[in-house]
2 protein chains.
Amino acid sequence: MAKERVTVVDIARAAGVSKSTVSLVLQGSPLVNEATRAKVNAAIRELGYVYNRGAANLRQAKSKIIGIVVNDLTNSFFAELAVGVDAVVQSAGFVQFLANTGEKIERQREVIASMREHGVSGLIISPARGTEAADLAPLVASGIPVVLVVRDIAGAGVSSLTSDNRAGALAAVRHLIERGHRRIAFLGGFADTAVFEARVRGYRDALREAGLDASDELVIGSAPSRAGGVTAIEQAMMLEDRPTAALCFNDAVAFGVCDGLRARRLDPGQDFAVIGFDDVIEAKTAVPALTTVSVDPQGMGERAAELLLKQINAGRAEAQAIVSPVRLVVRQSCGAAIERRLKEISS
Amino acid sequence: MAKERVTVVDIARAAGVSKSTVSLVLQGSPLVNEATRAKVNAAIRELGYVYNRGAANLRQAKSKIIGIVVNDLTNSFFAELAVGVDAVVQSAGFVQFLANTGEKIERQREVIASMREHGVSGLIISPARGTEAADLAPLVASGIPVVLVVRDIAGAGVSSLTSDNRAGALAAVRHLIERGHRRIAFLGGFADTAVFEARVRGYRDALREAGLDASDELVIGSAPSRAGGVTAIEQAMMLEDRPTAALCFNDAVAFGVCDGLRARRLDPGQDFAVIGFDDVIEAKTAVPALTTVSVDPQGMGERAAELLLKQINAGRAEAQAIVSPVRLVVRQSCGAAIERRLKEISS
DNA sequence: CCTTTTAGTTGGAACGTTCCAATTTCGTCA
DNA sequence: TGACGAAATTGGAACGTTCCAACTAAAAGG
């Protein structure tokens, strides 16, 4: 088997019709007689025909492929994002080309080029760190619909879907302040990203409006990973005037911070309040359950895919920047448990 | 811009050569004169030409696409596996079609069909739960090289790359026994998978060779997730005769078990020994650092991709079942810390 | 009975590339 | 100078599909 490819012509011969008719059947056209359709379908099954989408694309000059490029697939935030995209893209009859850049601009350039060569009809990109508008210029000039997710790039002239990072950070820090914290740190993340900048801005604004200290020593960068969280909290605990709470760049950092606290025999949520950002799946089941700003990566992926599909169908659409709202999910790690216990005692 | 596609003929006209010559340049053939090559390349840049790989594939009847289908991309084990595949596949000049089945057979059927239609030249599959040899029969009959990873399927007649689950479990449980544990549970995982079966077999063999109780009540299944781990340890703690240690189906379960222990005010690694399976990235940085059986998902992805590429290049290769070795990484969660402390005291 | 309509079917050109065999160009040698 | 071989270039067919305009057969209308 697998000797020679079975094509429409073979099917046509077997079914005693022309290749045009077979093509019509393949596309479910109503123009073809019920009886012939049955004959053709029988022949298709019989010969084990496989549709050649490449040939079809060549003729029609459009593919049913959309590309998604993410900067770090090992980060479960992006993995979930990809899953969200996949879900809607698949049910729209498209198929997903996924590539991982690992934050490398060069790799990103390569994979985008490769996707264009394969004729993707749209692209969802979570850009690598340091991507500039110029890097995307040839792509957008080609007229392929592009949606940027998570990280926006100023002046790129394409649609983007980001979350309201400033508002999320603001809400989180306000919450910590309400709980009575006066010295609050911001831990983790690379300082040269727009996301970091926005979250820190929200953090500072909340401190300022409460008239609290927003000195630079309280903002401690690190890799946006669990390991980075450990080092960040260690650094924070070296400070003369130690913080009693922290907003973390993301959930991975927050978990690392909890690890670091435990390593110092401190109980996260009890001795120190920590809030994360993103609300990855593990946040709910962790102990203590992580208070975090919910971003819903899967939902973001879905919305990005919908936006892209809309642009593909519309042919040409205005670039729009959507910032999706975000909400604080209060669980245990910010000290909710303490309060509950205090209430129990007083009642 | 983006009006009309520029093709080789446009380039040919602009450079004053024939389309055949342009094609030769595109493929880096040594047959073409240095001067003409330069002219052609200039025209390519000038007109912003993008290569149409679809058309090329049509002519050559082979693509540079490999497909990878995973059963759960939100599980970081599989995300890392995909990253490993991506790395070697990309550097071999291929591009990766990734699809997520979410453990659904029907979806798996669809994505495999879609990939065949797109003419992938090989497929790496981590099959959904319950996949049978019959499900893959048409695929293997077509002669497309296929490599199964993580989960093997008996009688499928294709190559597979799995890890030595029995040996890993055996080593882990032996280690717990050496540490003095006598009542050891196996927690988490779905009982109807080959992986579960192999790990439990290793677990039982270790108990048996030490003459210990291997009763069924100590094997407690659950979803192979963090949440599943929480419920599994809860169930274990309800037993008349409680275990003092557990081997977990995977790291996610192990983290859940730690969470569950903490919820009961028990200190994992101290009051109860836990060992995971897989060695995901977080295992090292967690507190306590997780003792686990290292499977190196990224490395597995790389090896699977290499195996697949070899088969693609060889044209026709014997199906081989590779089981890759596995090693126990001892960290804190199995009580290593306790021992260290005992040593400190005695010295 | 002829014309018109409708339902169904069909051959051939086209999509953008690669491959093959054929051709041109050019330098070298007798 | 003519012949020869090597180097470089080329036109056309082919890949598997879709689209279009043209065709046939049968039914409907006059």
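Note that the structure is a prediction, hence the values are computed from the model and not measured. Numbers restart at 1 for each chain; the letters A, B, ... are given by sequence-line order, proteins then strands.
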So does [X] get a side-chain nitrogen or oxygen closer than 4.0 Å to the phosphate oxygens (OP1/OP2) of [N]?
X: B/Gln27; N: C/dC19; value: yes
X: B/Ser20; N: D/dG11; value: no
X: B/Thr36; N: D/dT9; value: yes
X: A/Thr21; N: C/dT9; value: no
X: A/Ser18; N: C/dT10; value: yes
X: B/Gln60; N: D/dC15; value: no

Protein-nucleotide distance ([X], atom [atom1]; [N], atom [atom2]), rounded to Å:
X: B/Leu26; N: C/dT17; atom1: CG; atom2: C1'; value: 9 Å
X: A/Leu31; N: C/dT5; atom1: CG; atom2: C1'; value: 15 Å
X: B/Leu24; N: C/dC19; atom1: CG; atom2: P; value: 9 Å
X: B/Tyr51; N: C/dT17; atom1: OH; atom2: P; value: 8 Å
X: B/Ile11; N: D/dT10; atom1: CD1; atom2: P; value: 15 Å

Using a distance-only test with no angle check, is there a side-chain donor-acceptor pair under 3.5 angstrom linking [X] and [Y]?
X: A/Asp152; Y: A/Ser160; result: yes
X: B/Thr21; Y: B/Ser18; result: yes
X: B/Gln27; Y: B/Ser23; result: yes

Would the number of heavy atoms belonging to other residues, nucleotides or ligands and lying under 6.0 Å from CD of B/Glu46 be above 12? no
Choose from [options] the nucleotide whose nearest atom is closest to any side-chain atom of [X].
X: B/Leu58; options: D/dG16, C/dT18, D/dT9; value: D/dG16
X: A/Asn33; options: D/dT10, C/dT9, C/dT18; value: C/dT9
X: A/Lys19; options: D/dT18, C/dT9, D/dG16; value: D/dT18
X: B/Arg59; options: C/dG12, C/dG8, D/dA13; value: D/dA13

Scan A/Ala61 against the nucleic acid and name what it touches under 4.0 Å (heavy atoms): base, sugar-phosphate only, or nothing.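 Contact class for A/Ala61: none.
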Which sits closer to the 5' end of DNA chain D, A/Val9 or B/Val32, going by the nucleotide each is nearest to? B/Val32
Can you tell me which residue among A/Val89, A/Asp86, A/Leu98 is in a side chain to side chain contact (heavy atoms under 4.5 Å, CB included) with A/Ile66? A/Val89
